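Quick one: this structure, given as structure tokens, is what I'll be asking you about.
So that the names make sense, note that chain A is the first sequence line, chain B the second, and so on, each numbered from 1. In this text the structure is predicted, and so the values were computed from the model without any measurement.
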There are 2 protein chains.
Amino acid sequence: MISQNIKVAVDAVVFGYVERQLQLLLIKQKYGSEKNKWALPGGFVLDHEDLDTAVTRELKEETGITLAYLEQLYTFGAVKRDNRQRVVSIAYLGLINPKKFKLTASTDALEVGWFAIDALPPLAFDHQEIVAKGLERLQNKISYKPIGFELLNTEFPFSNIENLYQTILNKPIDRRNFRKKLMSFGILEETDKISKPESGRPAKLFRFNTKKYKALEQKGFHFEIKFA
Amino acid sequence: MISQNIKVAVDAVVFGYVERQLQLLLIKQKYGSEKNKWALPGGFVLDHEDLDTAVTRELKEETGITLAYLEQLYTFGAVKRDNRQRVVSIAYLGLINPKKFKLTASTDALEVGWFAIDALPPLAFDHQEIVAKGLERLQNKISYKPIGFELLNTEFPFSNIENLYQTILNKPIDRRNFRKKLMSFGILEETDKISKPESGRPAKLFRFNTKKYKALEQKGFHFEIKFA
DNA sequence: TCAAAAGTGTTGGCGCTACACCCATGT
DNA sequence: ACATGGGTGTAGCGCCAACACTTTTGA
């Protein structure tokens, strides 16, 4: 067999959504040439573990988080992306509701944190590029698959989804049309609960209809939201 | 640095279109446990070469072909996908007009060939799965990006495109509606030439308007072809 | 004159966009 | 009473689906 000196790693672009902001999960590098820079959670794949197992494991180890949604994003393999050693990294896209987990820095005592997507610190390696790809994918995907609910509480006022879409797509949407369309899919169920907002009128809380949700995941959605 | 014993390879799912058939480019394995089975062209990445360079090189070496279109498809990394050794393979999707190249088996004297997509021989490793993923991607992509022209001659009768779409999407389309829609994008230019068919009425030949084509590549298309 | 494929328009319906005011609550 | 966000209906238009006959050529 040929000799080859390339390492295989995984990295995770994990998005969260809190207070009308799209957030990204980062850890602070403790070792290496990029010490003290923030980076995507991730690491080397073990010889006997599948790729998605590797991401899941690394995330758990480094941040304490277990994802609600995970898909393969893209593989980054440019020769010069890490200058110590050739590393090919399979990037994954993950979604999680940050409120559902407490961040716990790993035993290596790295720092872990959520950062607003439009105020990221400088990132290690080519992680900037990976994040860009992840964001692009998220924006596309949310327009044709009912993901994005993974980012919210299980019961939420309608305005949460509305704002989530506006935030992720980064454009204003027409509230009435959006609501009509989304409701027409039948994936939202009213609960009998009511939110108690800080100000303004209380809102009904909604929950997912998981059956319809699964069905839609197959068939595909379609949103092409208008400017206001 | 950690010790890790994983090899990195690339594989190419290359589609061609000839005589109303979607074809796949395969090579016959000469060595290894899967000797004499057909497989996707591909091979190990060199330490100092980028991933896409690697695919391009392997394709050239193994088949003599240089692609008109190439994009990263998906990375396959299951532990057990190759039982000799752990191999992570980054699969690429390629399109080419088979008429534009003569297949030349490599110096290792492998066999090379085009196979109709619905009559593939048994494939080595998990290549069946990779092909499935490639086909799925092609079917999606062709509905929202003006790819697919890479598969045709530079000048072609309209019916070529029409058939290509039917073949790839594997469903009948409404000829009138399809033509209207496609023409409305302005990416096809009439030439003054006329095809000389084996039978039936001669047809005008078309060519691409490369400018519009580039523009569309950005904005995205939209086809959602109906059953007849 | 027949077979084979090319070429071509219209209509109806559906879904999307555009758009603005009232309601329920807390302060 | 005011501020804050929640909740709601309609009309017009554009786009898409459905649909079939005529034309050109070669045999």
**Prompt:** Whole Å only: how far is the CG atom of B/Asn160 from the P atom of C/dA5?
**Reply:** 13 Å
**Asked** If you check every side-chain atom of A/Arg179, which of C/dT8, D/dT24, D/dG7 has the closest atom?
**Response** D/dG7
**Asked** Hey, is the side chain of B/Lys204 poking within less than 4.0 Å of OP1 or OP2 on C/dT8, counting only N and O atoms?
**Response** yes
**Message:** Tell me if the side-chain of A/Lys181 makes a donor-acceptor pair with the base of C/dT17, cut-off 3.5 Å, by modelled atom types.
**Reply:** no
**Request:** Verify the ring-centre separation between B/Phe149 and B/Tyr17: is it less than 6.0 angstrom?
**Result:** no
**Complete:** Regarding the side chain of A/Arg175, the nearest nucleotide among D/dT8, D/dG9, D/dT23 is D/dT8
**Asked** Mapping B/Asn177 and B/Pro157 to their closest nucleotides on DNA chain C, which lands nearer the 5' end?
**Response** B/Pro157
**Request:** Please report, rounded to the nearest Å, how far the P atom of D/dA18 is from the CD1 atom of B/Ile173.
**Result:** 13 Å
**Item:** Rounded interatomic separation in angstrom, taking CD from B/Glu162 and C1' from C/dG7
**Value:** 10 Å
**Fill in**
Separation of D/dG7 atom C1' from A/Leu188 atom CG, nearest Å, is 15 Å
**Asked** D/dG5 P sits how many Å from A/Asn163 CG, rounded?
**Response** 10 Å
**Fill in**
Whichever of A/Phe206 and B/Glu198 has the more 5' nearest nucleotide on DNA chain D, that residue is A/Phe206
**Request:** Kindly indicate whether the side chain of B/Arg201 and the base of D/dT23 share any N or O donor-acceptor pair separated by less than 3.5 Å?
**Result:** yes
**Complete:** In whole angstroms, the gap separating P of D/dG5 from CZ of A/Phe156 amounts to 19 Å
**Asked** salt bridge (charged side-chain N to carboxylate O under 4.0 Å, His left out) with B/Lys204: which residues, sequence neighbours excluded?
**Response** B/Glu190
**Item:** B/Val18, B/Leu24, B/Leu103 screened by side-chain contact (heavy atoms from CB on, under 4.5 Å) with B/Trp114, the one that passes
**Value:** B/Leu103
**Asked** How are the rings of B/Phe223 and B/Phe185 set relative to one another: parallel (under 30°), tilted (30 to 60°) or perpendicular (over 60°)?
**Response** perpendicular
**Request:** Specify the separation, in whole Å, of atom CG of B/Asp174 and atom P of C/dG9.
**Result:** 15 Å
**Asked** Between D/dG5 atom P and A/Ile194 atom CD1, what is the distance in whole Å?
**Response** 18 Å
**Prompt:** Can you check whether B/Ser159 has a side-chain N or O nearer than 4.0 Å to OP1 or OP2 of C/dA5?
**Reply:** no
**Request:** Would you mind telling me which residue lines up with the more 5' stretch of DNA chain D, A/Gly200 or A/Phe158, judged by nearest nucleotide?
**Result:** A/Gly200
**Complete:** Among the nucleotides D/dA18, C/dA5, C/dG7, whichever has the atom closest to the side chain of B/Ser199 is C/dA5
**Request:** Identify which nucleotide among C/dC16, C/dA24, D/dT8 has an atom closest to any side-chain atom of A/Pro202, counting heavy atoms from C-beta outward.
**Result:** C/dA24
**Request:** Check if the side chain of B/Lys180 and the base of C/dT10 share a donor-acceptor pair of N or O atoms closer than 3.5 Å.
**Result:** yes
**Salt-bridge contact B/Lys30-B/Glu111 (side-chain N to carboxylate O under 4.0 Å)** = no
